[in-house]
Amino acid sequence: MQRIALGVNIDHVATLRNARGGVHPDPVRAAHLAVQAGADSITVHLREDRRHISDHDVAALIRHTDCRINLEMAATAEMLTIAQTYRPFAVCLVPEKRQERTTEGGLDLHAMKTILPSYIRDLQSCGIRVSLFIHPDAAAVALAAEMGADVVELHTGIYCDAHHDRDRQTALTQIKNAAESAKNHGLMCHAGHGLSYATVREIAMIPAISELNIGHYLMGEALFCGLELSIHKMRRILDEARGLAL
Ligand code: PXP
C-alpha cells in the first residue's frame, strides 16, 4: 500500500499563545518542527471568531514556511477573499457554528447546493485544491463530486467517539464505504477529527484514504513528550498500518 500523508493541525499552538495574548508559542515554529518530525502538510482553521489562528498566522505560515498549507474555513465571502489573497496549497471547506467547541459535523451539501459550485470554482481558479469536509456518506460524496470538489475529507468523529464496539464497527464501515465511493467518483479522499494513536490505525488501513488531518491529540501528547516525538510516533503508526515501517 502507498504511504499515507499526515497533515498536522496546529490550531491549538495558537490557542495556548492566545491564552496570554503574546507571541509564544509561535505557530510558525511549530510548523517547522512538525515538518521535521514527518508532517506532510500543516493545517490551520481560520475561524470567523479567530479563537485560535489569526489572519496574521496564515500570512506568516505562507511566507515563512515552504510546506503545504491546508486552510480550513467556512464558505463565506470574507474567507474567500482571504484565501484568494494568501493562496494556500489547499482549502478545506468546513461547517462552522459560533457556539461549537470544534467542527461538530460535515457540511450540509444539500443546503449549499446553489452557492458551493461557484465558490469551489473561484478557489480552484487561484490554483487552490478544494476539499469538502463531509459526513462519511455515499450521497454526500456523490454531491461533492457533482459540485466539482477535488477532495472529500471524511469526518471520523463518530468512529473515534464510539463507546461500544458495535457502534465503532458501524462507523468504520461507513467510512470504508464512503472512501470507496470517493475513489469511484475520481475524488481524493482524506479523513480526520478526533484521531489518536488508538483510533488511527484502522482508518490508516483503508487504502482509498490518502491523507489524515490530526491536531488536538498530537498537541496534547506534545505536552508530555514534545511535539517532534508525538508526531514521530503517529507517523510510525501510519507506516505500520500500511506495512511500510522499517
Ligand atoms: N479535519 C477537519 C476538517 C477539522 O475541522 C479538524 C478539527 O479542526 C480536524 C481534521 C482535526 O481534528 P482533531 O483536532 O480532533 O485531530
Side-chain angles (χ1 to χ4, degrees), residues 4-16 27 30-31 34 39-53 57-58 61 68-76 79 83 88-98 100-109 112 123 129-137 140-141 144 149-162 171 175 178-179 182 187-201 203-204 209-223 227 230-231 233-235 237-238:
I4 192 165
L6 172 61
V8 172
N9 182 315
I10 59 167
D11 288 347
H12 296 306
V13 175
T15 304
L16 195 56
D40 298 286
S41 58
I42 296 297
T43 295
V44 287
H45 185 174
L46 185 65
R47 280 186 168 265
E48 186 195 7
D49 61 10
R50 309 299 198 267
R51 69 174 73 156
H52 36 57
I53 290 296
D57 291 326
V58 175
L61 285 163
R68 293 177 168 194
I69 302 295
N70 174 36
L71 177 63
E72 292 177 0
M73 60 185 219
T76 62
M79 290 297 155
F89 173 77
V91 157
C92 179
L93 297 175
V94 299
E96 206 172 290
K97 292 188 223 120
R98 267 195 177 242
E100 69 187 357
R101 284 202 199 151
T102 180
T103 316
E104 283 165 2
L107 291 163
D108 181 351
L109 296 187
M112 301 171 87
L123 289 167
R129 185 185 76 184
V130 182
S131 171
L132 302 182
F133 192 43
I134 59 169
H135 184 67
D137 164 69
V141 172
D150 303 294
V151 183
V152 283
E153 180 167 332
L154 305 178
H155 197 303
T156 52
I158 293 178
Y159 165 75
C160 293
D161 295 341
I175 294 168
L187 292 168
M188 274 180 270
C189 184
H190 299 172
H193 208 280
L195 292 169
S196 66
Y197 296 149
T199 54
V200 79
R201 198 178 299 267
I203 300 295
I209 296 179
S210 58
E211 181 174 311
L212 299 176
N213 281 300
I214 309 178
H216 184 265
Y217 184 82
L218 288 174
M219 298 304 136
E221 275 299 292
L223 291 177
L227 189 55
S230 111
I231 294 171
K233 194 167 165 192
M234 185 62 81
R235 181 69 261 165
I237 296 171
L238 301 186

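First listed ligand is number 1; within each ligand, the first listed atom is number 1. Given the structure is predicted, the values throughout are model-derived calculations rather than measurements.
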Participant: Determine whether the side chains of Thr43 and Asn9 contain a donor N or O and an acceptor N or O closer than 3.5 Å.
Facilitator: no
Participant: Quick one: look up the protein heavy atom nearest atom 12 (O) of ligand 1 and list residue, atom name and how far away it is.
Facilitator: His193 CA, 3.4 Å
Participant: Tell me, do Tyr159 and Thr199 make a side-chain contact under 4.5 Å, heavy atoms counted?
Facilitator: yes
Participant: Mark up the atoms of ligand 1 that fall under 4.0 Å of a heavy atom belonging to Asn9, in ascending order.
Facilitator: 8 (O)
Participant: Please indicate whether Arg129 has more than 12 foreign heavy atoms, meaning atoms of other residues, nucleotides or ligands, lying under 6.0 Å from its CZ.
Facilitator: yes
Participant: Which atoms of ligand 1 are found less than 4.0 Å from any heavy atom of Val94?
Facilitator: 3 (C)
Participant: How far is atom 2 (C) of ligand 1 from its nearest protein heavy atom, and which residue and atom is that?
Facilitator: Glu72 OE2, 3.1 Å
Participant: Work out which heavy atom in Leu107 is nearest to a heavy atom in Leu93; give both atom names and the distance.
Facilitator: CD1-O, 3.3 Å
Participant: Rounded to the nearest 0.5 Å, how far apart are CD of Glu153 and SG of Cys92?
Facilitator: 4.5 Å
Participant: Which ligand 1 atoms, with their elements, are less than 4.0 angstrom from a heavy-atom of Asn213?
Facilitator: 10 (C), 11 (C)
Participant: Run the numbers for me: atoms of ligand 1, each under 4.0 Å from some heavy atom of Glu153, listed by number.
Facilitator: 1 (N), 2 (C), 3 (C), 10 (C)
Participant: List the closest protein heavy-atom neighbour of atom 16 (O) of ligand 1: residue, atom name, distance to the nearest 0.1 Å.
Facilitator: Gly215 N, 2.8 Å
Participant: Answer with yes or no whether Phe133 contacts ligand 1, where contact means a heavy atom under 4.0 Å from a ligand atom.
Facilitator: yes
Participant: Check each of His155, His135, His45 against His193 using the ring-ring contact (aromatic ring centres under 6.0 Å, His included) test, and report the only one that passes.
Facilitator: His155
Participant: Give the atom numbers and elements of ligand 1 that come within less than 4.0 Å of a heavy atom of Gly194.
Facilitator: 12 (O), 13 (P), 15 (O), 16 (O)
Participant: Considering only heavy atoms of His216, which atoms of ligand 1 have at least one such atom less than 4.0 Å away?
Facilitator: 13 (P), 14 (O), 16 (O)
Participant: In Å, rounded to the nearest 0.5 Å, how long is the span from CE of Met73 to CG of Leu46?
Facilitator: 9.0 Å
